[in-house]
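A quick note: this is a predicted structure, and the numbers were derived from the prediction, not measured. In what follows, every heavy atom counts, from backbone to side chain, and hydrogens, waters and symmetry copies are set aside.
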Amino acid sequence: LLAVLLQIGLLSGALWAWENQIRIRDLVRAEKFETSSEIESYAQRAGLSGEGYLYLRASFPEIVPAYEFDRYCSRNEPGIGVLGCYKPASNQIFLYDVTDDRLDSIEPVVAAHEMLHAVWFRMSDAEQASLRDPLEETFASLGPGHPLVPRIDEYEAMDPDSRIPELYAII
């Protein structure tokens with residue numbers, strides 16, 4: 001009886017680990033990440049929850065100086081000021097090092113936005129699909145004159161698949 005219970009426990013644990021492998025990977029990655037004081041500040045100032053902070057750290061956010069930023073994130077996007085990006089292939093966030101003190105408050109916003117992209121790409125297809133209609137409804141409720149409309153149009157013109165992930169990270 002003890003052997004059967006032990007096998008059931010092991011199988012249950014293995015099944016749980018299989019179903020939660022992304023979560024486990026994120027916990028391990030976040031634990032390995034040495035959080036800089038700047039990233040810590042961004043997370044606090046953005047008001048990230050514990051989960052949001054986990055996803056930010058699990059994406060190894062890197063603050064990149066201006067002269068290097070184009071290596072990681074494209075800035076050739078007309079009408080859109082690119083100050084960060086999330087790279088799903090490497091599961092990493094890159095943030096532009098804004099040095100103008102007048103723009104200091106934008107950095108935490110960009111970090112939170114990119115963290116939400118990281119969350120989006122961790123979702124299953126079913127989870128993403130369940131959010132499409134509510135995101136589109138919320139976006140439509142803003143009206144055609146809302147400043148977000150041309151911004152989403154720009155994203156969509158560059159990559160039609162970016163519409164819903166951008167709506168998710170913005171709304």
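With sequence neighbours left out, Tyr86 forms a ring pair (Phe, Tyr, Trp, His ring centres under 6.0 Å) with Phe121. Residues forming a side chain to side chain contact (heavy atoms under 4.5 Å, CB included) with Ser162 (at least two apart in sequence, or on another chain): Tyr155, Asp159, Glu166. With sequence neighbours left out, the salt bridge (Lys or Arg N to Asp or Glu O under 4.0 Å) criterion links Arg163 to Glu136, Glu156. Every residue was checked against the side chain to side chain contact (heavy atoms under 4.5 Å, CB included) condition with Ser37, not counting sequence neighbours, and none meets it. By the ring pair (Phe, Tyr, Trp, His ring centres under 6.0 Å) test, Tyr168 is found to be paired with Trp120, residues two or more places apart in sequence or in another chain being considered. For Pro147, there are no side chain to side chain contact (heavy atoms under 4.5 Å, CB included) partners two or more places apart in sequence or in a different chain. In terms of the side chain to side chain contact (heavy atoms under 4.5 Å, CB included) criterion, residue partners of Asp100 (sequence neighbours excluded) are, by chain and number, Arg102, Leu103. The ring pair (Phe, Tyr, Trp, His ring centres under 6.0 Å) test applied to Tyr72 returns Phe94, not counting sequence neighbours.
Between the NE2 atom of His117 and the CE atom of Met115 there is a distance of 11.0 Å, given to the nearest 0.5 Å. One finds the OG1 atom of Thr35 at 8.0 Å from the CD1 atom of Ile39 (value rounded to the nearest 0.5 Å). Of the inter-residue distances, the one linking Arg57 atom CZ with Ile93 atom CD1 reads 12.5 Å to the nearest 0.5 angstrom. Between atom CG of residue Leu116 and atom CD1 of residue Ile170 there is a gap of 10.0 Å, rounded to the nearest 0.5 Å.
Across every non-hydrogen atom of Leu131 and Pro134, the tightest pair is O-CD, 3.3 Å. Between Val110 and Leu83 the shortest heavy-atom distance is CG1-O, 3.5 Å.
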Apply side-chain contact (heavy atoms from CB on, under 4.5 Å) to Leu95 and Val64, showing your working.
CA-CA 6 Å; Leu95 303 166; Val64 181; over 6 Å; no
Apply the test side-chain contact (heavy atoms from CB on, under 4.5 Å) to residues Leu56 and Leu48: give CA-CA distance (whole Å), side-chain angles for both, the deciding distance (0.1 Å), then the verdict.
CA-CA 9 Å; Leu56 180 67; Leu48 295 184; 3.9 Å; yes
Do Val149 and Phe139 pass the side-chain contact (heavy atoms from CB on, under 4.5 Å) test, and can you show the C-alpha distance, the side-chain angles, and the key distance before you say yes or no?
CA-CA 8 Å; Val149 171; Phe139 181 59; 4.0 Å; yes
Worked check of side-chain contact (heavy atoms from CB on, under 4.5 Å) between Ile63 and Tyr42:
CA-CA 11 Å; Ile63 300 170; Tyr42 294 174; 3.6 Å; yes
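For residues 104-114, the pairs satisfying salt bridge (Lys or Arg N to Asp or Glu O under 4.0 Å) are Arg45-Asp104, with sequence neighbours left out. Sorted by first and then second residue, the disulfide (SG to SG under 2.5 Å) pairs involving residues 85-171 (not counting sequence neighbours) are Cys73-Cys85. Pairs of residues two or more places apart, or lying in two chains, that qualify as ring-ring contact (aromatic ring centres under 6.0 Å, His included) and include a residue from residues 43-64 are Phe33-Phe60. Listed by first then second residue, pairs satisfying salt bridge (Lys or Arg N to Asp or Glu O under 4.0 Å) with a partner in residues 122-132 read Asp26-Arg122, not counting sequence neighbours.
When side chains are defined from C-beta on, Asp97 does not count as touching Phe69, because their heavy atoms never get closer than 4.5 Å. No side-chain heavy atom of Leu135 sits less than 4.5 Å from a side-chain heavy atom of Thr138.
The pair Glu154-Arg151 does not meet the salt-bridge criterion, since no charged nitrogen lies less than 4.0 angstrom from a carboxylate oxygen.
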